[in-house]
Number of protein chains: 2
Amino acid sequence: MTSERKRKNTSTRRAVLANEIAQAIRLRAFRPGEWLRQIDLEERFQATRFDVRSALDELAVRKTIEHVPNRGYRVAEVDRKTYEEILATRIILERAAADGIVAHIDDDAIARLEALAARFSQAVLTGSRTEQSEINRAFHQFMYSFCGNAVLEEMIWGLRDRGRGSQITVWSSHELLLKSDREHYEMMAALKARDGQRLAALIATHIIKGAPIGPTPIEPARPAAVTSPG
Amino acid sequence: MTSERKRKNTSTRRAVLANEIAQAIRLRAFRPGEWLRQIDLEERFQATRFDVRSALDELAVRKTIEHVPNRGYRVAEVDRKTYEEILATRIILERAAADGIVAHIDDDAIARLEALAARFSQAVLTGSRTEQSEINRAFHQFMYSFCGNAVLEEMIWGLRDRGRGSQITVWSSHELLLKSDREHYEMMAALKARDGQRLAALIATHIIKGAPIGPTPIEPARPAAVTSPG
DNA sequence: GGCGAAATTATTGGCGCCAATTGTGTCGCA
DNA sequence: TGCGACACAATTGGCGCCAATAATTTCGCC
């Protein structure tokens, strides 16, 4: 308890490293299907082999990557069917978060959200794809943080991460990117009006339209306004 | 290539062991908050220390158990708030599965489900608590297996496992147990009628009533204002 | 030159050892 | 007798080594 820094134990280091690797995958530093060689990761993240393996194990459990015995770990490739299932489940969960969000968010938070939306608008014009992606993530992460249900929130982010392994390009056209941008503002309008129904509907279309798979095989998640009691 | 005796690799053994431990936790062989000593687990499951640790790590990632640095692993204790969040999220997911189930299930499957329901009825009368629990699990697992969304299914089971760490007793009275039993048959009636709405409603009450936490934070199902694709 | 098999290299994976840390019992002192 | 500190025991945890497996290259044969 002196001023010296405490030595981090493995579980912490592993979690940190796992998140770093996960972020690298999000940023497409490793593409779906690509093998993650332990030796490379050791160097890149300045970690011991043991930590690398632990982190990879964790990501494998989280389904961010896939483990093939005696071959190693590779970024999970999500097939179309699974991708559609992920989207469908995301819609179920993220729609369900809407009511909680409108119930708990305050004006200050909406203002901050507005700032993030503005940053996204800027990134649409001048930023790189990964920049757009990260800001978009920040926007939604902040919004969902008000849903009042930590478990729900956690599942949403788990699913979003899993979807990254897909070959399907989000924002396949600039037009869709602009649409996403506009929808952010529509969401905030719904927030200001405290209109959970409308927010839920916007979220659904936001998810569907962002990733244009052929027919939208989405089940009409009925509004189950269930977040934990405040 | 003579005898196809393949040596199991770690990832497999670990997964098996993790599931065995998870089941032991479900069956209350280890109670919430209880420490899982690695040496004991080695003996009990005839595994190496390494495998035990891997399995524990996996369960910690799955949030079935909790890891405390330099103290070890213990069965996760779910506080009331988290428990309510888990229930709320379960309702969201399991309700959403209803439409898929009625769409995909066939008469043969319903017959099998009926058999499981009957076994549960029997267990209510003569079985132990853990027996009831496992048969109930089998009933729901089989039913949800028809939801047509593997990702959704997986999340449902992940959540159900997490809820086990709670101190709240499911079926706190015999009356509730009987009610659960009856509801199984009501669910099958809804299935036969291919009534997704009704099934969803039944699922919601089934989850709420099974675990009587104080105020039920569940709002009644509102009419869906969402367009449903044929 | 093409093809297959054997040798070589690269990479992963099982596992045990011992240091670090925490829990417990005991002893001395007030 | 009560309390604190020290020593001892129990347990966890970091990590590196080397065997097992897969990938690659080389070599010999047709």
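Below, chains carry the letters A, B, ... as their sequence lines are ordered, and counting in each starts from 1.
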Would you please name every residue forming a side-chain hydrogen bond (donor to acceptor under 3.5 Å, both in side chains) with B:S173, sequence neighbours left out? none

Phosphate OP1/OP2 of [N]: any [X] side-chain N/O under 4.0 Å:
X     : N      : result
A:R14 : D:dG13 : no
A:R49 : C:dG13 : no
B:Q38 : D:dG13 : yes
B:R13 : C:dC15 : yes
B:H67 : D:dT12 : no

Between [atom2] of [N] and [atom1] of [X], the distance in whole Å:
X     : N      : atom1 : atom2 : value
B:D51 : D:dT12 : CG    : P     : 16 Å
B:W35 : C:dT22 : CH2   : P     : 12 Å
B:R71 : C:dG23 : CZ    : C1'   : 8 Å
B:L17 : C:dC15 : CG    : P     : 12 Å
A:D57 : D:dC15 : CG    : P     : 16 Å
A:E42 : C:dA10 : CD    : C1'   : 14 Å
A:F50 : D:dC17 : CZ    : C1'   : 14 Å
A:L41 : C:dG13 : CG    : C1'   : 16 Å

When we call it a touch if two heavy atoms are under 4.0 Å apart, what does [X] touch: a base, just sugar-phosphate, or nothing?
X     : answer
B:V52 : nothing
A:L36 : sugar-phosphate
A:R53 : base

Of the non-hydrogen atoms in A:Y144 and A:A97, which two are nearest, and what is the gap between them? CD2-CB, 4.0 Å

So which atom in A:T205 and which in A:E183 form the shortest heavy-atom distance, rounded to 0.1 Å? OG1-OE2, 4.1 Å

For the side chain of A:N70, counting heavy atoms from C-beta on, which of D:dT21, C:dT21, D:dG16 is nearest? D:dT21

Show the atom names and distances, to 0.1 Å, of all donor-acceptor pairs under 3.5 Å that link a side chain in residues 24-36 of chain A to residues at least two apart or in another chain.
{"residue": "A:R26", "atom": "NE", "partner": "A:E134", "partner atom": "OE2", "Å": "3.3"}
{"residue": "A:R28", "atom": "NH2", "partner": "A:R164", "partner atom": "O", "Å": "3.0"}
{"residue": "A:E34", "atom": "OE1", "partner": "A:R31", "partner atom": "N", "Å": "2.8"}

For the residue pair A:H184 and A:H206, categorise the inter-ring angle as parallel (less than 30°), tilted (30 to 60°) or perpendicular (more than 60°). tilted

